[in-house]
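For reference, the structure discussed in these notes is given below.
Keep in mind the model is a prediction, meaning the values are calculated, not measured.
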Amino acid sequence: MIQVIKKKGTIEEFDAEKIKSAIQKSANRVMVKLSEEQKEEVCKDVLSHIADGSAVPILTMHNLVETALDKVDPKVAKSYREYRDNKASFARMLDKVYNKKLGLNFIGDRSNANADSAIITTQRAIVYNELNSELYKKFFLTEEEERVMSEGYIYIHDRGSRLDSFNCCLANVKGILQGGFEMGNLHYNEPKTLDVAFDLIGDIIMNMASCQYGGYTISEIDKLLSPYAELSYKKYFKEYEDIVGEYAKGQDVSQKADEYAMKKITRDFEQGWQGLEMKLNSVGSSRGDYPFTAVSFGLGRGRFETLCTSIAMKVRKGGQGPDGFKHPVLFPKLSFFYDKDLHGPGKELEWLFLEAIDCSSKSMYPDYMSCTGDGYCSDIYKKYGRTISRMGCRATLAPWYERGGFVPEDDDDKPTFEGRMNMGAISLHFPMILQKAKNIFEKQSEKSLDDIFFEELTYYCNLIRDIHKRTFEYFAKKKAGTNPLAFCQGGIYGGHFHPEEQIGREFLRPMTASFGITALNETQYLYNGKSLVEDNSFALKILAFMHNLKVQATQEDGILYALYGTPAESLCGLQVEQFRNMFGETKGITDKPYTSNSFHCAVYENISPIQKQDIEYKMYHYCTGGAIQYCRYPLGYNIEAMVSMVRRAMDMGFYEGVNLQLDYCEDCGHQFIDSDKCPKCGSENLTRIERMNGYLGYSRVNGRSMYADHKLAEFKDRKSM
């Protein structure tokens with residue numbers, strides 16, 4: 001008689017049928033049919049190694065079964081072994097998820113400053129993402145990819161969401177609204193008035209943005225809303241005529257009717273923007289955060305278009321909250337298109353640009369997008385008249401031509417951007433790759449350090465390519481009904497599928513995938529002991545190499561790859577830990593609790609905005625898949641200085657952000673800049689808005705911090721950012 005000691009210490013009699021059942025399940029998983037004789041052979045082999053009357057631990061029994069199966073069918077043995085490993089992996093996985101859940105209850109989570117982990121829906125989303133991230137690592141990545149990611153050489157952003165949906169997009173809201181649409185099993189008619197258009201746009205954002213995991217951008221919203229403002233204007237104009245017409249005794253009332261209608265339209269715009277701000281900053285999505293929404297405007301020249309832009313900024317700088325305690329909200333992010341022939345000194349819409357500067361001085365938004373300066377986005381605008389709004393805080397789409405695809409079919413073919421999306425970013429840890437290359441270089445003298453570094457970099461880039469390619473193939477099998485507004489109602493380019501249809505690989509061809517650029521400042525220092533301010537030559541060499549690799553990979557893989565200046569929030573702290581774990585303490589890398597974002601100069605550099613713009617200029621223009629240039633303006637409310645610096649940035653072709661530290665006293669309502677105490681009443685009960693990376697966030701709310709410690713350390717060091 002043989003006994004089996006189970007994991008929990010209980011003892012059971014040996015039962016050969018349990019072994020047969022287990023190995024049959026393993027065979028089924030790899031579609032192998034085992035005969036009864038083969039199963040009997042396994043059981044006899046196991047028993048031949050056990051003395052009668054023994055008590056055998058269950059782990060020993062499993063090892064005996066594996067050994068016996070190897071003799072019968074190695075493929076089934078491998079399946080049996082993997083199933084055992086998976087069970088152990090699931091146990092570790094669930095333990096990690098459980099610890100995350102406990103941590104949320106007692107510690108909280110500050111990895112995303114725009115997601116409040118105190119809220120139940122956010123906690124659920126964080127736990128779900130933790131589990132999904134572990135499943136992604138276990139079942140989607142190869143062992144090599146998982147190892148490289150765990151060591152820190154690459155960072156796969158948003159692992160918990162990458163297989164569920166796409167990253168960020170330029171939503172084609174115009175395409176959804178025109179002619180009406182379906183949402184939530186209801187049919188919506190196209191709006192006939194401005195107020196209804198605002199309401200529907202808010203609902204569309206909440207619905208569609210909750211089905212993705214990145215920024216949701218509406219491009220040129222001034223032009224989008226103008227036709228609905230025109231409809232409302234006509235309605236109000238006729239309303240005035242109907243009311244006073246019979247008393248006018250044949251007099252022309254058109255001027256008064258126009259004044260009446262414009263007052264009503266102005267009110268509708270004010271209420272529309274206020275309502276949109278309230279909705280997007282108070283109603284959490286199913287992701288557990290507020291939708292990262294952005295809107296762009298500034299080029300519309302019609303009266304309704306300029307009114308839309310002007311009031312959006314008026315509402316933003318006016319703030320939300322009770323009287324005396326108002327402060328600006330975070331969403332939607334505002335972006336202003338700058339055309340020097342439209343907004344330059346003495347030009348038609350200079351007044352609108354000056355209103356934008358005033359708004360930025362009070363709320364840090366809008367950011368500014370150059371249409372007529374240097375670089376890729378300006379070149380597209382100057383050649384085709386097409387704008388490229390940034391998705392979320394900086395992501396930029398590569399051109400996709402309407403007929404030719406990757407390249408224009410002829411001189412009349414134009415690029416299209418609206419309705420396209422990004423499929424995710426994977427960032428490279430350049431300092432770790434360089435340190436690995438240095439270690440190899442010290443052991444041999446056949447190759448130069450540069451050659452070794454770029455060989456290693458190519459290896460990691462090829463791993464990223466493989467992950468992106470599999471992601472596209474996986475996502476192509478998604479059913480359109482997983483995001484109905486995007487894939488069935490035209491929110492995404494070509495998205496007019498039946499809910500049960502697979503979206504397919506052809507649909508994904510206009511979409512982009514990104515190589516993320518991080519910590520170039522630390523990489524340059526590790527290379528020759530100099531920061532980017534002192535010497536950025538090696539950083540430029542890396543970016544030139546990445547650009548050429550991107551072009552080649554796009555041709556070979558049929559995927560629109562892009563170089564992306566990563567806005568590292570939690571990653572900038574993680575990279576320090578990863579480098580320290582792999583290579584130990586290293587000057588210039590681990591002596592700060594954070595790495596520098598993308599190609600940016602270190603925040604603690606004591607340089608002027610002009611110096612920062614000049615140093616980052618060439619590096620910025622390599623990152624055509626997403627980049628922002630921002631400077632800290634220690635100028636108070638010096639409007640003229642801001643005008644000068646932003647115009648300089650526009651000539652250089654930047655996507656420019658004005659960076660201040662906005663503080664609001666929650667005891668007396670006073671607004672001020674760059675102080676830890678209210679200069680009016682001395683209170684430290686402050687709400688503080690700061691630029692996280694390309695976007696804004698609350699670094700303090702009623703004195704409570706929403707940011708991780710490494711990011712707070714970076715805030716404290718800021719001089720030039």
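- Phe487 and Phe507 have their aromatic ring centers within a separation under 6.0 angstrom.
- Annotation: the span from Leu560 atom CG to Met423 atom CE amounts to 12.5 Å, rounded to 0.5 Å.
- In this structure, Arg316 is not positioned above the aromatic face of Tyr365 in the sense of NZ or CZ being under 6.0 Å from the six-membered ring centre and within 45° of the axis.
- The side chain to side chain contact (heavy atoms under 4.5 Å, CB included) test with Tyr630 is passed by exactly one of Glu656, Lys612, Met364: Lys612.
- Between Gln212 and Ser165, the shortest heavy-atom contact is CA-OG, 3.4 Å.
- Exactly one of Tyr368, Phe654, Phe353 qualifies for a ring pair (Phe, Tyr, Trp, His ring centres under 6.0 Å) with Tyr338. That residue is Phe353.
- Cys572 and Asn597 make their closest contact through CB-OD1, 4.5 Å (heavy atoms, listed as atom of the first residue, atom of the second, distance).
- Here the side chain of Ser608 pairs a donor or acceptor atom with the backbone of Gln611 at under 3.5 angstrom.
- For Pro328 against Ile689, the heavy-atom pair with the smallest separation is O-CD1, 3.4 Å.
- The residues Lys333 and Asp367 are annotated as salt-bridged, a charged nitrogen and a carboxylate oxygen being separated by less than 4.0 angstrom.
- Within 6.0 Å of the NZ atom in Lys618, the count of heavy atoms belonging to other residues, nucleotides or ligands does not exceed 12.
- Side-chain contact check for Arg509 versus Phe406: some heavy-atom pair is nearer than 4.5 Å.
- Interatomic distance, Ser596 OG to Gln524 CD, rounded to the nearest 0.5 Å: 12.0 Å.
- In this structure, Lys317 places its NZ atom where more than 12 heavy-atom neighbours from other residues, nucleotides or ligands lie under 6.0 Å away.
- Using a 4.5 Å heavy-atom cutoff, the side chains of Glu616 and His600 are in contact.
- Between Tyr620 and Phe599, the shortest heavy-atom distance links the atoms CA-CZ, 3.7 Å.
- Using a 4.5 Å cut-off on side-chain heavy atoms (C-beta onward), Thr396 and Tyr655 make no contact.
- A salt bridge between Asp358 and Lys362 is present, with a side-chain N of the basic residue lying under 4.0 Å from a carboxylate O of the acidic one.
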**OP:** Walk me through it: do His468 and Phe472 pass the test ring pair (Phe, Tyr, Trp, His ring centres under 6.0 Å)?
**Re:** CA-CA 6 Å; His468 278 320; Phe472 270 71; 7.3 Å; no
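- In terms of modelled atom types and a separation under 3.5 Å, the side chain of Lys478 and the main chain of Asp164 share a donor-acceptor contact.
- Defined by atom type and a distance below 3.5 Å, a donor-acceptor pair is missing between the side-chain atoms of Ser427 and Thr518.
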